Amino acid sequence: MQVSLWWTLVGAGLLISFTPGAGAISTMANSLAGGWARSIWGVLGQQVALLVHILIVALGVGAAIAANHWLFTALRWLGAAYLVFLGVRSWLERPPGVGQLDAEVAQDAERPTYLQPGPMFRRGVLVNLTNPKAIVFFLAFTPQFIRLDGDLLTQYLIYAATLVTIDIIVMWFFFALAAKALRRFMRDPAGQRLVSRIFGSLFILVGLLLAFIE
């Protein structure tokens, strides 16, 4: 990949990662509930899904999914339903109590199951993986940076490594850290409930947009 093309990819990758979406909302929610350091597990899960999307496009499956209306619709509704589920759970979740969010050194056993590394990682994978529009996006985006007259494997490796690195930096060092600014609203149950419902509403909104916007 030419250096000029790579820098173009970097710029495009930054714009994509900084665009607020389900991944950013999930990262901020994880950071608020489980702490900044722990939120990396959700971010890493999202990168696994990103790599799967790139692999799907590289293997040519993305075109088949985009062309199959029923399959695409089913995947879109599945992704929407999962985001709505996360939103409803945030709405119904009881506040953990005054000062609990400051206790980031608490033992794993004292944290809710969904804030454990494993579930947080799996949730990150599902948030990005159940979005079939991402496949269509990469189907249109990827060819701009791949040259058929070059080594395809090397190009795809550079392409994937660049996007994953950018997304980790943006998600963990921007969105996850930005969530810490909301901690002052989380000092009492009322503030915790408000923030949980804000993020729950955002999850539901993104889910509905994913389902109904063509």
Side-chain angles (χ1 to χ4, degrees), residues 13 16-58 61 75-76 78-93 96 100-135 137-138 156-157 159-180 182-183 186 192 195-196 199-200 202-204 206-207 210:
I16 295 167
S17 293
F18 273 113
T19 301
I25 296 171
S26 179
T27 298
M28 294 180 72
N30 287 338
S31 181
L32 274 170
W36 175 73
R38 184 174 295 267
S39 68
I40 187 62
W41 293 104
V43 174
L44 293 177
Q46 293 175 34
Q47 305 318 306
V48 170
L50 187 153
L51 290 174
V52 171
H53 284 310
I54 293 175
L55 180 61
I56 287 174
V57 172
V61 181
L75 289 173
R76 186 178 69 185
L78 177 63
Y82 183 69
L83 292 177
V84 171
F85 163 75
L86 291 179
V88 171
R89 187 177 67 179
S90 294
W91 260 86
L92 298 178
E93 186 178 26
Q100 184 170 328
L101 288 174
D102 289 328
E104 295 186 11
V105 296
Q107 296 297 319
D108 284 352
E110 297 176 1
R111 293 181 180 270
T113 302
Y114 75 94
L115 291 179
Q116 301 290 341
M120 193 176 289
F121 179 85
R122 289 192 295 272
R123 195 161 60 250
V125 174
L126 287 172
V127 163
N128 274 3
L129 196 59
T130 54
N131 182 5
K133 290 189 177 182
I135 297 177
F137 170 80
F138 279 111
Y156 271 109
L157 288 176
Y159 175 79
T162 300
L163 292 182
V164 166
T165 300
I166 290 172
D167 204 52
I168 289 176
I169 292 173
V170 172
M171 288 295 164
W172 203 36
F173 290 99
F174 179 77
F175 286 112
L177 283 176
K180 299 185 74 172
L182 294 175
R183 282 184 177 273
M186 304 282 283
Q192 294 167 9
V195 173
S196 292
F199 278 95
L202 289 173
F203 271 121
I204 294 172
V206 172
L210 178 63

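The model shown is predicted, which means the values in this text are computed figures rather than measured ones. Residue numbers run from 1 in the order of the sequence given.
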**Message:** Using the side chain to side chain contact (heavy atoms under 4.5 Å, CB included) criterion, which residues pair with Leu51? Sequence neighbours excluded.
**Reply:**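 Counting only residues at least two positions away or on another chain, Leu51 forms a side chain to side chain contact (heavy atoms under 4.5 Å, CB included) with Ala160, Val164.
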Shortest non-hydrogen contact between [X] and [Y], atoms and distance:
X      : Y      : value
Gly23  : Val127 : N-CG1, 4.0 Å
Phe173 : Leu177 : O-CD1, 3.3 Å
Ile168 : Val43  : CA-CG1, 3.9 Å

Hey, could you give me the [atom1]/[atom2] distance between [X] and [Y], rounded to the nearest 0.5 Å?
X      : Y      : atom1 : atom2 : value
Ser31  : Met171 : OG    : CE    : 12.5 Å
Ile166 : Leu50  : CD1   : CG    : 10.5 Å
Leu44  : Met120 : CG    : CE    : 11.5 Å
Ile54  : Gln47  : CD1   : CD    : 9.5 Å
Thr27  : Leu32  : OG1   : CG    : 11.0 Å
His53  : Asn128 : NE2   : CG    : 6.0 Å

**Prompt:** What pairs with Trp41 under side-chain hydrogen bond (donor to acceptor under 3.5 Å, both in side chains), at least two apart in sequence or on another chain?
**Reply:** none
**Request:** Any side-chain hydrogen bond (donor to acceptor under 3.5 Å, both in side chains) involving residues 168-178? Give me the pairs, sequence neighbours left out, ordered by first then second residue.
**Result:** Ser39-Trp172
**Asked** Going by heavy atoms in the side chains, are Val48 and Phe121 under 4.5 Å from each other?
**Response** yes
